[in-house]
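For reference, the structure is listed below as structure tokens.
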Amino acid sequence: MSSTEKHIVLAENLTVGYTPKVVSEKIDFQLNQGDLCAIVGVNGVGKSTLLRTLAGLQPKLSGSIQINDSNLESYASSKLAKELSVVLTEQPASKNLTVQELIALGRQPYTNWIGTLNEEDKKQVQESLTSFLLEDLQYSRCHELSDGQLQRVLIARAMAQNTPLILLDEPTTHLDLYHKVQILKLLQELAHRKQKTIMFTTHEIDLAIQLCDKILILDGAENPFGAPCELIEQKHFERLFPAEMVLFDAKTGSFKVNK
Amino acid sequence: MGNLKPYRFSFILIFLVLGLAWLLNISLGSVAIPFKATFSILFGGQVDIESWNYIIWNYRIPKAFTAVLVGGGLSLSGLLMQTLFRNPLAGPFVLGISSGASLGAALLLMGASLITGFASFSFLNDFSLALAASIGSFLVLLVVMIVANRVKDTMALLIIGLMFGSITAAIVSVLAYFSSAENLQRFIFWSFGSVGNLSTQQVILLSIIVCVGVLLSIISIKRLNAFLLGENYAQSLGVSLKKSRLIIIIATGLLAGGITAFAGPIAFIGLAVPHLTRQIFDTMEHRILIPSVFLYGAILMLLCDTIAQLPNSANVLPINAITSLVGAPVVIWLLVRKRKMLF
């Protein structure tokens with residue numbers, strides 16, 4: 001990474017949790033423009049809490065988060081909506097929205113007081129539909145979609161919001177292997193082709209190792225962060241799960257059951 | 001969201017239907033006035049019987065106007081609640097807003113005389129009744145709001161609304177037991193619901209309340225659309241949750257509380273009309289829904305009131321009975337046909 005590249009997210013000595021309970025502490029990482037980064041770790045270690053904190057949906061406990069060289073807290077919510085977009089595990093409240101309507105809601109930070117879409121907004125919505133292979137589904141309602149399709153719609157909405165940073169909470173849960181790979185490849189393409197910084201939590205460590213530029217391992221102690229191969233060399237994945245149950249194969253970059 | 005032009009024709013149609021329903025409402029009533037005479041009165045012509053003129057201008061037209069405000073306003077408040085609470089079953093009745101108003105009215109009509117020991121009609125005028133009912137509904141709305149913030153489960157919210165209904169019913173029956181027949185009757189008549197018998201000042205006050213409610217809803221259109229994704233998504237789109245919740249709650253409270261205060265607790269309109277409108281317009285866009293829900297509510301209320309008047313007979317049915325008879329089957333039909341209610 002050259003030093004001319006912009007830091008989109010910078011977290012230093014960050015502690016997240018729900019006052020007064022600390023869920024995860026000593027988190028340090030920095031992401032540049034166009035980085036695809038996975039947050040991995042065992043259940044309950046604070047992946048989602050970290051993501052929600054980065055998204056400004058809950059306050060941090062201590063440390064600092066910088067988004068585009070300004071403190072996260074210094075952004076007004078309308079300003080922040082142009083810096084980062086989110087895809088959450090929760091389903092949209094109304095599943096009666098059509099795909100096109102839902103994606104168009106991503107344009108809200110840019111539209112006027114009543115939400116009229118201008119040419120630029122329509123272009124962005126169309127681009128999102130195309131990028132996430134949703135053109136045939138654009139008039140379907142969300143309750144008619146499969147899990148994989150709905151997930152693509154939610155990510156397309158985040159893309160339509162056109163922010164430098166996109167945060168996703170477990171975008172591949174409930175999906176079969178094919179759709180997991182499909183989602184992650186679409187994310188990779190979005191990051192590299194459109195120069196978006198994308199951070200997502202996942203349990204698919206094998207896939208993350210193959211596709212991501214950076215990985216943040218939340219292990220409840222030192223929380224290592226780096227490129228997948230560096231982390232493999234430093235044997236961080238071996239320590240993620242108890243060795244009597246799961247073994248990490250450094251050659252293939254995958255986990256095996258310890259028989 | 002998308003283009004608004006395809007809806008232009010539908011809106012012209014609704015306005016026509018509204019006009020027809022309005023004409024029907026003022027032409028029919030306990031006194032039989034021929035259609036021809038009604039038209040001639042409306043357009044300033046002369047009629048043989050002077051009392052017809054009086055009935056149309058001083059009774060039926062204000063009543064029809066009130067019906068438009070009441071039906072439209074209640075339906076709009078139902079739409080706001082359904083979006084805000086992310087719950088297709090939300091409405092002024094279900095969430096206990098109407099119960100709150102009833103409690104306020106009951107405490108004033110029956111409780112005040114119990115405590116002070118005499119029926120003080122000096123302060124029992126219609127404005128204090130409206131005020132008491134409004135305060136009651138706002139207090140319930142406030143409690144529902146606080147609970148909604150604590151429990152994420154929308155089902156719990158409905159149960160709390162139902163419990164409020166029970167508490168109200170209990171207090172009302174205790175009050176009724178000790179109340180004088182006269183005060184009890186006043187309360188019972190109020191609880192039947194009625195869009196007639198409002199004085200000119202009351203109609204003006206009600207119009208102002210409904211107008212403010214509608215204006216607040218219109219400025220919330222974009223936020224309401226964002227709420228369709230859920231609160232976290234709305235926040236990530238730059239919506240200030242506290243501010244928008246407050247504005248929407250005030251709008252809901254004004255509409256549901258104010259209307260219930262003047263017209264009594266009117267059932268089912270607030271719950272059923274937004275669903276009917278979504279069936280017909282097939283959209284979730286609040287730019288379309290807000291005006292169309294208001295208009296449909298107004299039409300339905302005019303029709304219900306026309307039926308309640310039992311044309312050409314001296315009897316008037318409680319309007320609540322009619323709205324329930326129309327509204328409850330609609331809700332059941334929606335549930336059966338759609339399997340689940342979506343909003």
Can you confirm whether [X] is buried at [atom1], in the sense that more than 12 heavy atoms of other residues, nucleotides or ligands lie under 6.0 Å from that atom?
{"X": "B/F138", "atom1": "CZ", "result": "yes"}
{"X": "A/H192", "atom1": "NE2", "result": "yes"}
{"X": "A/D136", "atom1": "CG", "result": "no"}

Write down the atom of [X], the atom of [Y], and the distance for their closest heavy-atom approach.
{"X": "B/A226", "Y": "A/L105", "answer": "N-CD2, 4.3 Å"}
{"X": "A/A93", "Y": "B/G230", "answer": "CB-N, 3.7 Å"}
{"X": "B/Q235", "Y": "A/G56", "answer": "NE2-O, 3.8 Å"}

In the structure I gave you, are the side-chain heavy atoms of [X] and [Y] within less than 4.5 Å of one another anywhere?
{"X": "A/E101", "Y": "B/L228", "value": "no"}
{"X": "A/I114", "Y": "B/K222", "value": "no"}
{"X": "A/T98", "Y": "B/E285", "value": "no"}
{"X": "A/L57", "Y": "B/Y233", "value": "no"}
{"X": "B/I218", "Y": "A/W113", "value": "yes"}

Proximal component of A/R107, with respect to chain B [non-hydrogen, under 4.5 Å]: neither
Kindly indicate, with the supporting measurements, whether the criterion side-chain contact (heavy atoms from CB on, under 4.5 Å) is fulfilled by A/Q91 and B/L229. CA-CA 8 Å; A/Q91 304 268 318; B/L229 288 175; over 6 Å; no
How about B/N232 and A/E90: does a side-chain donor come under 3.5 Å of a side-chain acceptor? yes
Counting heavy-atom pairs under 4.5 Å with chain B, which one of A/D121, A/V86, A/V125 comes out on top? A/V86
Heavy-atom pairs under 4.5 Å with chain A are the metric here; pick the option from B/S220, B/S240, B/A234, B/S236 that has the most. B/S236
By number, which residues in residues 144-167 of chain A have some heavy atom less than 4.5 Å away from chain B? A/L154, A/R157, A/Q161
What is the distance from atom CE of B/M284 to atom NZ of A/K95, rounded to the nearest 0.5 Å? 13.0 Å
Distance check, rounded to the nearest 0.5 Å: B/K242 atom NZ versus A/S77 atom OG? 12.0 Å
